[in-house]
Amino acid sequence: MGLLERFRSAASSLQRHKTANRPDGRGHLDDAVASYRRALETNPHDVEAHTNLGNELKNLGRLDAAVASYRAALEINPDFAIAHYNLAVVLSELGQFDDAMTHYRRALDIQPEFAEAHGNLGKVLNDLGRLEEAVTSYRRALEIKPSIAETHYNLGNALNDLGRHADATASYGRALELRPEFAEAHSNLGNALQDLGRLDDAVLSYWRALDINPDYQEAHFNLGSAMQNLGQFDAAESSYRRALEINPDFGTAQSNLLFMHNYVADRDPPTLLAEARRFGELAARLARPFTAWRNAPEPDRCLRVGFVSGDLREHPVGYFAEGVLASLSREASGRLELFAYPTHLCADAVAERIKACCCGWRSLVGISDESAAERIREDGIDILIDLSGHTAHNRLPLFAWKPAPVQASWLGYFATTGVAAIDYLIADHWTLPESEEANFTEKIWRLPETRLCFTPPNEPLDVTPLCALSNGYVTFASFNHVSKINDDVVALWARVLDAVPRSRLLLKAKQITEASVRHQVITRFAAHGIDAERLILEGPVSRSQYLAAYQRVDIGLDPFPYPGGTTTVEALWMGVPVLTLAGERFLSRQGVGLLMNAGLPEWVAVSPEDYVARAVSHSKDLNALAELRNGLRKQALGSPIFDTRRFAHHFEIALRGMWQRWCDR
């Protein structure tokens, strides 16, 4: 998860007229303010006095008054570059990014070689999600003054958010050459290394940051993320909790802690619910929720529906959402108007197709929860839907402001959010039994068939014949995140391999590019008597190559308690059935929901012993397996998990039902 550290302008980087030397302290700042005010009484047209008064007011945290002083200076001299620059700094701190950008540009019109203005303009553009423009501004600043470590660091942040992770590491490296004790650069270098799959190197970077600043909460948080990706959950939890000790209001750390619990089987539901409620209480404490809306309570009128997500792009959530939103846009025209609120950079082909389905596309990147809530409220959104839960780039605290009269969570997360202001969680009867409802702060709204509906891939790939027939052995596979492969999963999959002679297991995941992860996987299976020769370990590839890898697979194996979602439907589309283990929790029943809706009940196991028995049974009847493979894509495409038009109809009915309830109240 990338952290964008905002280096507010320090006195050392503000090219301004210096005030008299004086010791630090609020009293001295107040004295300076009084002194400048007396000077202005004598000479109200003293531009420098107005500007320096603004500087002192800024140092006192009186930002609105500082803005007034800078504006007074500019009324006298509109071409005073320093006043434009300092005004922009304060406007940026106030979150008024558009105005800040205007004044940075004006300062640069007057003084084109003003390196700090180019750099700070880059930060504003970064905050507005205009990353390519931000990169241009940072590079211009560095052409003028290549020795500014903070600008190299900020350039690294923008490049990392653009997915240019190798370039980002180079920028962080240059920042650290200039300032070896730059803790933030060490930490964010770790983020870029994580994105490159270099988890061990990332961990070293985080520890270096913590050597410099042991109380650096973001570094503890980032270290937790790396340890989680390495499957070292106890260490990850320790890091998240240390971050929360330093800052109890660090909502993102609490959110990540909740997400990590999904990977661990020994967390009981009451404990998880209590943790989620703590997050919800934090979000509520930091919000000022709306209690009245201008939305007319008319049950049958056209509804405005907003979707909040950082994943409306080439991402599993994007793959599920795209077809559904396209069908809603087409089939429910005149009854629903769709609005998207991306919380992260979304600028690929999937994002463009989703954008075309929406009446409004409002980026929330760099916008405070309060401002975002105001924007959503001004858009007149009737039903606001969270697609992230506690996954990356979520904006759950925004929902605590209650910007829409009806709010729901759907799609991207498999547990309660803990946010009391979210009214509903959308599920189905396969995945969320009534006995589980007590573990949610939301009311459960069940769709009639499935809560998930996938957009068929555009890749021109055919289903190939069963490879076991030519190989002479069965190839099992899982393309899930390595963190899902806990010790119990390894033990059970080892039993499957042991029970099916000569079989192989193909694991494909991003983390497998890391040598330590490969060694760990091999060692864990060896402890159960499985030789390395029976394991095929592969790292990430393009989506087309990833899907083509299923042509080398006979049977998919689902992990637990966190089963696959995207991996399962993609496997079915490629003709590969997936064996899943039914659990009791909402999370652990996602495989059940997908396979039952795909018409594959014989691939749902009810116990570990049943899991092994079904794996053996399916492996022995290769003719039946080959026949299933030949027709599985057609069967899946005709099922509820791929029929976006049918799903959209059910989804619209659900939205109308939620709205009807609100109108009735």
Side-chain angles (χ1 to χ4, degrees), residues 231 262-267 414 430-431 433 436 466 468 473-509 521 524-531 534-536 550 553-572 574-622 624-625 628-629 632 636 641:
N262 291 314
Y263 293 97
V264 185
D266 62 355
R267 300 294 195 271
F414 310 107
W430 291 114
T431 58
E436 287 293 294
L466 188 74
Y473 57 83
V474 171
T475 301
F476 297 103
S478 172
F479 293 179
N480 283 277
H481 198 286
V482 167
S483 296
K484 294 184 179 183
I485 306 174
N486 58 53
D487 290 341
D488 290 339
V489 171
V490 171
L492 187 57
W493 287 357
R495 287 173 60 187
V496 169
L497 292 171
D498 191 54
V500 182
R502 303 182 60 227
S503 59
R504 305 286 194 274
L505 175 60
L506 168 58
L507 300 178
K508 179 179 282 295
V521 170
R524 292 167 73 201
F525 276 94
H528 294 278
I530 303 301
D531 294 335
R534 298 183 68 185
L535 301 175
I536 306 165
Y550 280 111
V553 177
D554 299 302
I555 295 174
L557 296 180
D558 217 4
F560 55 90
Y562 195 163
T566 309
T567 55
T568 296
V569 289
E570 288 173 336
L572 299 180
M574 289 300 300
V576 177
V578 178
L579 180 61
T580 196
L581 178 61
E584 296 180 355
R585 290 163 50 193
F586 180 44
L587 169 72
S588 60
R589 295 185 62 81
Q590 299 308 306
V592 176
L594 292 170
L595 292 168
M596 295 303 289
N597 275 286
L600 297 170
E602 66 276 14
W603 290 86
V604 177
V606 296
S607 68
E609 292 71 24
D610 187 33
Y611 192 100
V612 175
R614 288 177 186 271
V616 171
S617 175
H618 290 306
S619 297
K620 284 182 176 179
D621 195 348
L622 294 184
L625 194 58
L628 174 61
R629 185 186 188 94
L632 187 51
I641 60 173

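The residues of the chain are indexed from 1 along the displayed sequence. On a predicted model such as this, the values are computed, not experimentally measured, just so you know. The figures here come from the full heavy-atom set of this structure, side chains too, leaving out hydrogens, waters and symmetry mates.
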Original post:
What pair of heavy atoms forms the shortest contact from Ala499 to Val616, and how long is it?
Top reply: CB-CG2, 3.5 Å
Original post:
Between Ile485 and Val490, is a side chain to side chain contact (heavy atoms under 4.5 Å, CB included) present by the stated rule, with each step listed?
Top reply: CA-CA 6 Å; Ile485 306 174; Val490 171; 3.7 Å; yes
Original post:
If you look at every heavy atom in Val482 and Ala509, which pair is closest and at what distance?
Top reply: CG2-CB, 3.6 Å
**OP:** Would you name the heavy atoms of Val576 and Gly556 that are closest together and state the gap between them?
**Re:** CG1-N, 3.6 Å
Original post:
Is Arg589 reaching over with its side chain to a backbone N or O of Ala582, donor-acceptor style, under 3.5 angstrom?
Top reply: no
Original post:
Are Ser619 and Val496 side-chain neighbours, meaning at least one heavy-atom pair lies under 4.5 Å?
Top reply: no
Subject >> pair Val612-Leu492: side-chain heavy atoms closer than 4.5 Å >> reply: yes
Original post:
How are the rings of Tyr562 and Tyr263 set relative to one another: parallel (under 30°), tilted (30 to 60°) or perpendicular (over 60°)?
Top reply: tilted
**OP:** Report yes or no: is the cationic atom of Arg504 (NZ for Lys, CZ for Arg) closer than 6.0 Å to the six-membered ring centre of Tyr473, at no more than 45° off its axis?
**Re:** yes
Original post:
Do Leu579 and Phe476 come close enough that some side-chain heavy atom pair is under 4.5 Å?
Top reply: no
Original post:
In a check of side chain to side chain contact (heavy atoms under 4.5 Å, CB included) between Phe479 and each of Thr566, Leu507, Val553, which one passes?
Top reply: Val553
Subject >> Considering all heavy atoms, the nearest Glu602-Arg614 contact >> reply: O-NH1, 2.7 Å
Original post:
Does Leu497 offer a backbone N or O that forms a donor-acceptor pair with the side chain of Arg534 under 3.5 Å?
Top reply: yes
Original post:
Mind checking whether Val489 and Lys484 have side chains closer than 4.5 Å, heavy atoms only?
Top reply: no
Original post:
Between Pro608 and Arg495, what is the shortest heavy-atom contact and its length?
Top reply: CB-NH1, 4.2 Å
**OP:** Return yes if some donor-acceptor pair links the side-chain N/O of Asp610 with the main-chain N/O of Val606 below 3.5 Å, else return no.
**Re:** yes
Original post:
Rounded to the nearest 0.5 Å, what separation is found between the CD atom of Gln590 and the OG1 atom of Thr568?
Top reply: 10.0 Å
Subject >> Distance in Å, Trp430 CH2 paired with Leu594 CG, rounded so as to fall on 0.5 Å steps >> reply: 12.0 Å
**OP:** Answer yes or no: does atom CD of Glu609 have more than 12 heavy-atom neighbours from other residues, nucleotides or ligands under 6.0 Å?
**Re:** yes
Subject >> Gap between atom OG1 of Thr475 and atom CG of Leu506 - 0.5 Å precision >> reply: 7.5 Å
Original post:
Hey, are the side chains of Ile555 and Leu625 touching, using non-hydrogen atoms and a 4.5 Å cut-off?
Top reply: yes
Original post:
Is Thr567 reaching over with its side chain to a backbone N or O of Gly564, donor-acceptor style, under 3.5 angstrom?
Top reply: no
**OP:** Would you please indicate yes or no on a ring centroid separation below 6.0 angstrom for His618 and Trp603?
**Re:** yes
Subject >> Heavy-atom side-chain contact between Leu572 and Glu570 under 4.5 Å >> reply: no
Subject >> 4.5 Å side-chain heavy-atom contact, Leu628 and Pro577 >> reply: yes
**OP:** Please check if the side chain of Asp554 supplies one atom and the backbone of Val474 the other of a donor-acceptor pair under 3.5 Å.
**Re:** no
**OP:** Evaluate side chain to side chain contact (heavy atoms under 4.5 Å, CB included) for Phe414 paired with Ser588, printing each intermediate quantity in order.
**Re:** CA-CA 9 Å; Phe414 310 107; Ser588 60; over 6 Å; no
Original post:
If you measure from CZ on Arg629 to CG on Leu622, what distance do you get to the nearest 0.5 Å?
Top reply: 11.5 Å
Subject >> Inter-residue atom distance Asn262.CG - Ser483.OG, 0.5 Å rounding >> reply: 11.5 Å
**OP:** Measure the spacing between OG of Ser607 and CG of Leu581 and express it to the nearest 0.5 Å.
**Re:** 7.5 Å
**OP:** State, to 0.1 Å, how close Glu436 and Arg585 come at their nearest heavy-atom pair, and which atoms those are.
**Re:** OE1-CA, 3.6 Å
Original post:
Would you say Ile536 and Leu505 make side-chain contact, with heavy atoms under 4.5 Å?
Top reply: no
**OP:** Would you check if the side chain of Asp558 reaches a backbone N or O of Pro563 as a donor-acceptor pair within less than 3.5 Å?
**Re:** no
